[in-house]
> 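Mind looking over this structure? Questions follow.
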Amino acid sequence: MELHVFDTIQEASQLAKDVFVKAINENPGCLLGLATGSTPEVLYGLLIEAYKNGEVSFKDVRTVNLDEYVGLGPEHNQSYRYFMNSNLFDHIDIDKNNTNVPDGIGGPEQNAKKYDALLESLGQPDIQLLGIGGNGHIAFNEPGSSFDSTTSIIDLTEETIKANSRFFENIDDVPKKAVSMGIKSILKAKKILLLAFGESKAQAVKDMFELPVTENMPATALKNHPDVMVIVDKAAASLL
Ligand code: F6R
């Protein structure tokens, strides 16, 4: 894993943006694995800016997202489909038919199976973007998730529900389950970019680097991948 530490989230996101823009310009029909949450917000803003400046076009780009809350439809303003549309897709020239987020509505197990079949048919993502949970989760693969997992239904931990309650009016409104790409599927990408910002991620970043590979700390699975860039700000790197 290659570590890049920056003073600010802006500078860190700039590097991630450069990696994405280069990959798209080299292969305009590339497949990008995307994430939601606070972490990629600045990066998505920079990608929108790059599109508006004529630096890049997303016309033929295809995307797959990591996860979705079970029970939230695309119109729910906390669903990850809504997040992707409002933070990125609505502002660039991507064809929304080429963008994929797991379904939150409908039979969860069926949705997971359907998403796996879709991932299989789309092939290997060129880049997979990841954030990291304070407990080391990647996508919604919580501690203890099998490294052999494909798309599945995850029971969110109390810690994750609490962390994500900042986006909801009431903690009881936070869904308790998510449909999430599995660790095995995440590791299939040619290149992985993990971003982590702020003090609340410092312990997870330290554990990811320093612990041996263990299912108790999902992000350690990334040590089994040959091309991982970890891009962090100073606060997230403070315990290294
Ligand atoms: C989101 C995702 C999660 C987040 C993680 C960090 O699609 O898969 O793993 O990346 O929970 O969330 P933020 O960025 O909000 O701190």
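Remember, it's 1-based here, ligands and their atoms both numbered in the order they're listed.
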> Before signing off on this row, confirm whether Asp67 and ligand 1 have an N or O atom pair separated by under 3.5 Å.
yes
> Under a 4.0 Å threshold between the charged nitrogen and the carboxylate oxygen, would Glu26 count as salt-bridged to Lys22?
yes
> Of all the non-hydrogen atoms in the protein, which one sits nearest to atom 1 (C) of ligand 1, and at what distance?
Thr36 OG1, 3.2 Å
> Do Asp95 and Lys59 meet the salt-bridge criterion of a basic N to acidic O distance under 4.0 Å?
no
> Where does the angle between the aromatic ring planes of Tyr80 and Phe83 fall among parallel (under 30°), tilted (30 to 60°) and perpendicular (over 60°)?
perpendicular
> Might you work through the side chain to side chain donor-acceptor pair (under 3.5 Å) test for Ser152 and Ser149, ending with a clear yes or no?
CA-CA 7 Å; Ser152 52; Ser149 58; 5.2 Å; no
> Is any side-chain N of the basic residue among Asp90 and Lys96 closer than 4.0 Å to the acidic one's carboxylate O?
yes
> Evaluate Gly37 for polar contact with ligand 1, using N/O atom pairs at a separation under 3.5 Å.
no
> Any idea which atoms of ligand 1 are less than 4.0 Å away from a heavy-atom of Gly131?
10 (O)
> Give the atoms of ligand 1, by number and element, whose distance to some non-hydrogen atom of Arg166 is under 4.0 Å.
13 (P), 15 (O), 16 (O)
> Decide whether an N or O pair under 3.5 Å exists between Asn164 and ligand 1.
no
> Which one holds for Leu130 and ligand 1: side chain close, backbone close, both close, or neither close, with close meaning a heavy atom under 4.0 Å?
neither
> In the protein, which heavy atom is nearest to atom 12 (O) of ligand 1, and how far is it?
Lys201 NZ, 4.2 Å
> Could you see if Ile186 belongs to whatever hydrophobic cluster contains Ile132? Use Ile, Leu, Val, Met, Phe, Trp, Tyr and a side-chain cutoff under 4.5 Å.
yes
> Is ligand 1 less than 4.0 angstrom away from at least one heavy atom of Glu68?
no
> Determine whether Leu3 and Ile127 fall in the same hydrophobic cluster, where Ile, Leu, Val, Met, Phe, Trp and Tyr are linked whenever their side-chain heavy atoms lie under 4.5 Å apart.
no
> Side chain or backbone of Leu66 under 4.0 Å from ligand 1, or both, or neither, by non-hydrogen atoms?
side chain
> Looking at non-hydrogen atoms alone, which of Gly133, Ala139, Ala178 comes nearest to atom 3 (C) of ligand 1?
Ala139
> Quick check: do Leu129 and Leu32 have side-chain heavy atoms less than 4.5 Å from each other?
no
> Any idea which protein heavy atom is nearest atom 14 (O) of ligand 1, and the distance to it?
Thr39 OG1, 2.4 Å
> Among all the protein's non-hydrogen atoms, which is closest to atom 6 (C) of ligand 1, and how far away is it?
Ile132 O, 3.4 Å
> Quick one: does Leu34 get within less than 4.0 Å of ligand 1, heavy atoms only?
no
> Tell me whether Lys184 at atom NZ has more than 12 heavy atoms from other residues, nucleotides or ligands lying less than 6.0 Å away.
no
> Among protein heavy atoms, which sits nearest to atom 11 (O) of ligand 1, and what does the distance come to when rounded to 0.1 Å?
His137 NE2, 2.7 Å
> For the aromatic rings, using the six-membered ring if either is Trp, is the centroid distance between Tyr69 and Phe168 under 6.0 Å?
yes
